[in-house]
Amino acid sequence: MTTLYLTHSCFLDHDTGPGHPERPDRMRAVEKVLSHELFAGLIREEAPPASEEDVARVHPPAFLEALRKASPETGHVYIDGDTPMSPTTLNVVFHAVGAAIRATDAVMTGEAQNAFCGVRPPGHHAEPERAMGFCFFNSVAIAAQYARARHGAERVAVVDFDVHHGNGTQAAFWSEPDLFYASTHEYPLYPGTGHRSETGVADNIVNAPLSAGDGGREFREAFRSRVLPELSNFAPDLLLISAGFDAHQDDPLARLNLVEDDFAWATYELAEVAHKCAGGRIVSLLEGGYHLTALARSVGVHVGALMQSGR
Ligand SMILES: [Zn+2]
């Protein structure tokens with residue numbers, strides 16, 4: 001039982017234009033750190049494209065059609081103020097979803113104990129009918145629905161430690177008592193959602209907002225007091241992680257002060273819950289993280305922790 005790493009060279013092709021923080025160099029930084037001999041034990045696979053049927057489990061066909069119509073022949077089209085689409089973007093986002101789908105297959109069938117998807121762009125801001133915040137398709141929400149439809153998972157959980165609230169995942173899960181979403185994030189901050197009072201139809205949404213300036217102590221307290229107990233209570237068959245590393249103290253987009261060790265700690269804690277209720281099954285997807293060195297180091301400790309706990 002091992003850790004699967006999925007990525008694709010096309011993730012370099014989503015061109016966001018000069019000066020955009022969500023840039024191809026992020027993938028180069030991730031690829032470089034995971035090429036170190038410490039990670040020689042990873043099973044490496046190229047991410048396949050997802051099917052339209054997979055995407056349609058979260059996004060209605062009209063939404064996909066609108067994105068197809070918006071897709072430019074050259075240059076960029078802005079879907080919202082900070083979400084540029086280039087000619088290759090649609091192909092790229094199908095592969096980002098495909099990584100999550102393939103990882104779910106591998107983990108649900110026992111081919112791998114857990115998996116990390118090194119993908120871009122991120123997905124957790126994408127609502128069922130709205131692309132926003134650098135995101136087009138909500139890969140983690142699609143993987144959750146896929147695990148239910150194709151692998152008979154009854155209960156699927158997403159834990160999201162990206163510094164931004166995953167409004168898209170929350171929206172996709174809101175009315176689904178068998179899907180669980182827990183998030184730590186800086187609040188208030190983009191996209192503005194993630195208040196503690198947002199709980200879903202069956203208390204299946206757990207928001208643990210943190211304040212600008214908070215660091216590892218407050219983050220771990222939020223995990224210990226809210227995220228981990230609620231996750232254990234929910235007892236998922238599969239745990240998905242929206243692994244954003246922009247809560248790092250060096251990240252330019254927000255003001256939380258986590259360090260690599262906090263991400264390693266969170267990963268081990270999540271793996272422990274997954275071992276208790278989900279047979280250790282974890283699929284982790286890269287979301288944000290915009291300081292290249294901090295991103296590389298944080299991905300390194302996160303994947304290292306997945307490998308250790310997958311043994
Ligand atoms: Zn983020």
Side-chain angles (χ1 to χ4, degrees), residues 11 14 16 19-27 29-30 79-84 93 96 100 116-127 130-141 158-173 181-195 198 205-216 218-219 222-223 227 240-260 262-263 266-267 270 284-299 301-302:
F11 296 137
H14 170 48
T16 47
H20 198 290
E22 205 293 283
R23 58 207 190 275
D25 279 348
R26 298 180 63 238
M27 279 297 95
V30 168
I79 301 297
D80 75 3
D82 52 22
T83 312
V93 293
F116 177 71
C117 301
V119 297
R120 68 179 282 272
H124 71 154
H125 294 308
E127 296 184 351
R130 186 178 179 204
M132 60 181 275
F134 314 164
C135 304
F136 296 86
F137 291 157
N138 194 316
S139 300
V140 81
V158 172
V159 173
D160 182 338
F161 54 70
D162 188 280
V163 80
H164 302 98
H165 181 243
N167 59 293
T169 314
Q170 174 169 298
F173 284 17
Y181 176 69
S183 175
T184 52
H185 47 274
E186 183 179 327
Y187 185 91
L189 186 69
Y190 183 89
T193 48
H195 192 270
E198 298 163 24
I205 309 280
V206 175
N207 284 307
L210 300 166
S211 302
D214 281 354
E218 293 83 2
F219 171 74
F223 250 65
V227 173
L240 306 175
I241 302 177
S242 268
F245 298 99
D246 41 10
H248 193 283
Q249 62 181 3
D250 294 338
D251 197 276
L253 263 57
R255 287 166 297 170
L256 293 188
N257 292 312
L258 302 195
V259 294
E260 289 89 321
D262 296 312
F263 294 119
T267 308
L270 291 172
S284 174
L285 280 77
L286 181 63
E287 299 278 1
Y290 303 100
H291 183 285
L292 297 181
T293 309
L295 171 65
R297 289 184 179 154
S298 301
V299 166
V301 299
H302 175 64

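Order of appearance sets the numbers: ligands from 1, and atoms from 1 within every ligand. Keep in mind that the numbers below use all heavy atoms, side chains included, and drop hydrogens, waters and symmetry copies.
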* Between the main-chain N or O of Glu127 and the side-chain N or O of Asn138, is there a donor-acceptor pair closer than 3.5 Å? -> no
* **Angle, ND1 of His164 through the Zn ion (ligand 1) to OD2 of Asp246 - 10° precision** => 100°
* **Partner residues of Phe173 under the ring pair (Phe, Tyr, Trp, His ring centres under 6.0 Å) criterion, sequence neighbours left out** => none
* Looking at residues at least two apart in the chain, or sitting in another chain, which of them share a side chain to side chain donor-acceptor pair (under 3.5 Å) with His20? -> none
* Asked: Measuring to the Zn ion (ligand 1), does His124 have an N/O/S atom at a distance below 2.8 Å?
  -> no
* Which class fits the ring pair His185 and Tyr187: parallel under 30°, tilted 30 to 60°, perpendicular over 60°? -> perpendicular
* To do: Provide the atom name of the closest N, O or S atom of Asp162 relative to the Zn ion (ligand 1).
  => OD1
